[in-house]
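Read through the structure below, which is laid out as structure tokens, and then see the notes.
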Amino acid sequence: MKIFTTLYRQVEHLVHEVAKFGLVGLLGMVVDLPIYNWLVFDNPLVVFGTHGDGMLHDRPVTAKFISVTVATVATYLGNRHWTWRHRERTGLHREYVLFFVLNGIGLLISAGCLGFSRYVLDLHTALADNISANVIGLGLGTLFRFWSYRKWVFREEIELDEAEHQAKTPDSPAGLDAENTGDIPVVR
């Protein structure tokens, strides 16, 4: 049992990041899926059954680009302020642009799966679209996003130097004026 405890302690931080990233991703799906289904099938809740023709029913990949772009705003905020809040901040402009670029690559992965399903396999149902784009494509894109955000957007964790953050209490009133140089304190 001690081996499992030791192993978990070594990956505990990563497990927490993955869990938070997953929850933020679910928020993104709650934004993405209804927008996509509304644009393509004129019904934000359609997965099975009948559906109509949405305003982009003949352009599902365009609809996917729109829905993911809207969801990206929500996921950036969730990831910056919750998932990776303990990581170094490198500037909103840099992070946001890089986040959108890498999210765009993740979107291309999802859209590629959708395009393959639609135009190569000739599957045109709501179920096929949602499985190819929102299960397979989203799964592969999510793996890429987690790795890339962690590596390039929300960089290394902030390292705290213990010596700088430990409370310094002087041993004597004369120590109040002394710096930690080893010199004799100055008495005024």
Side-chain angles (χ1 to χ4, degrees), residues 7-41 44 46-47 56 59-159:
L7 181 61
Y8 180 75
R9 284 191 182 135
Q10 291 176 350
V11 296
E12 177 180 16
H13 194 67
L14 181 62
V15 168
H16 289 191
E17 280 186 350
V18 168
K20 289 177 179 181
F21 181 79
L23 289 173
V24 170
L26 285 175
L27 169 67
M29 281 183 65
V30 167
V31 173
D32 175 17
L33 295 181
I35 293 172
Y36 173 79
N37 283 314
W38 174 67
L39 290 171
V40 176
F41 302 110
V46 70
V47 174
L56 294 176
R59 292 178 298 210
V61 175
T62 302
K64 191 64 181 166
F65 273 90
I66 293 169
S67 66
V68 168
T69 300
V70 174
T72 298
V73 174
T75 58
Y76 172 79
L77 294 171
N79 282 314
R80 171 70 275 171
H81 297 292
W82 189 47
T83 306
W84 287 299
R85 71 174 178 241
H86 61 281
R87 290 186 170 245
E88 181 181 351
R89 295 185 188 265
T90 58
L92 178 65
H93 183 263
R94 180 203 161 277
E95 282 182 1
Y96 203 63
V97 168
L98 199 51
F99 188 87
F100 260 92
V101 167
L102 295 171
N103 199 59
I105 294 169
L107 169 60
L108 289 174
I109 293 169
S110 181
C113 291
L114 176 61
F116 182 80
S117 172
R118 273 282 178 128
Y119 305 118
V120 175
L121 300 178
D122 201 29
L123 301 172
H124 296 274
T125 66
L127 181 60
D129 279 4
N130 279 291
I131 288 174
S132 62
N134 301 320
V135 175
I136 297 168
L138 186 64
L140 294 172
T142 297
L143 292 173
F144 169 77
R145 285 179 184 105
F146 181 78
W147 171 76
S148 64
Y149 295 164
R150 214 169 175 262
K151 181 160 180 70
W152 291 306
V153 181
F154 307 113
R155 288 181 162 160
E156 296 299 316
E157 296 179 34
I158 299 171
E159 304 251 349

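Throughout, residue positions are numbered sequentially from 1 according to the sequence presented.
The aromatic rings of Phe99 and Tyr149 sit parallel to each other, their planes meeting at less than 30°, with 60° as the upper class boundary. Note: Tyr96 and Phe100 have perpendicular aromatic rings, judged against thresholds of 30 and 60 degrees for the angle between ring planes.
Sorted by first and then second residue, the salt bridge (Lys or Arg N to Asp or Glu O under 4.0 Å) pairs involving residues 62-80 (not counting sequence neighbours) are Asp32-Lys64, Arg80-Glu95. For residues 102-121, every residue pair satisfying the salt bridge (Lys or Arg N to Asp or Glu O under 4.0 Å) rule, not counting sequence neighbours, is listed here: Arg118-Asp129. Counting only residues at least two apart or on different chains, no salt bridge (Lys or Arg N to Asp or Glu O under 4.0 Å) pair has a member in residues 130-142. Listed by first and then second residue, the salt bridge (Lys or Arg N to Asp or Glu O under 4.0 Å) pairs that reach into residues 134-144 come to none, sequence neighbours excluded.
In terms of modelled atom types and a separation under 3.5 Å, the side chain of Ser132 and the main chain of Ala128 share a donor-acceptor contact.
The shortest side-chain heavy-atom distance between Val30 and Leu26 does not fall under the 4.5 Å cut-off. Side-chain contact between Asn134 and Leu114 is absent, with no heavy atoms from C-beta onward closer than 4.5 Å. Taking the side chain as every heavy atom from C-beta outward, Arg145 and Asn79 never approach each other to under 4.5 Å. Residues Leu138 and Met29 have side chains in contact (heavy-atom distance under 4.5 Å, counting atoms from C-beta outward).
Arg94 pairs by the side chain to side chain donor-acceptor pair (under 3.5 Å) definition with Thr90, not counting sequence neighbours. Scanning for ring-ring contact (aromatic ring centres under 6.0 Å, His included) contacts around Phe65 gives an empty result, with sequence neighbours left out.
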For side-chain contact (heavy atoms from CB on, under 4.5 Å), just list the numbers for Tyr36 and Val70, CA-CA rounded to whole Å, side-chain angles, deciding distance to a tenth of an Å, and then say yes or no. CA-CA 10 Å; Tyr36 173 79; Val70 174; over 6 Å; no
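When each of Val31, Thr75, Leu107 is tested with Val68 by the rule side-chain contact (heavy atoms from CB on, under 4.5 Å), just one qualifies, namely Leu107.
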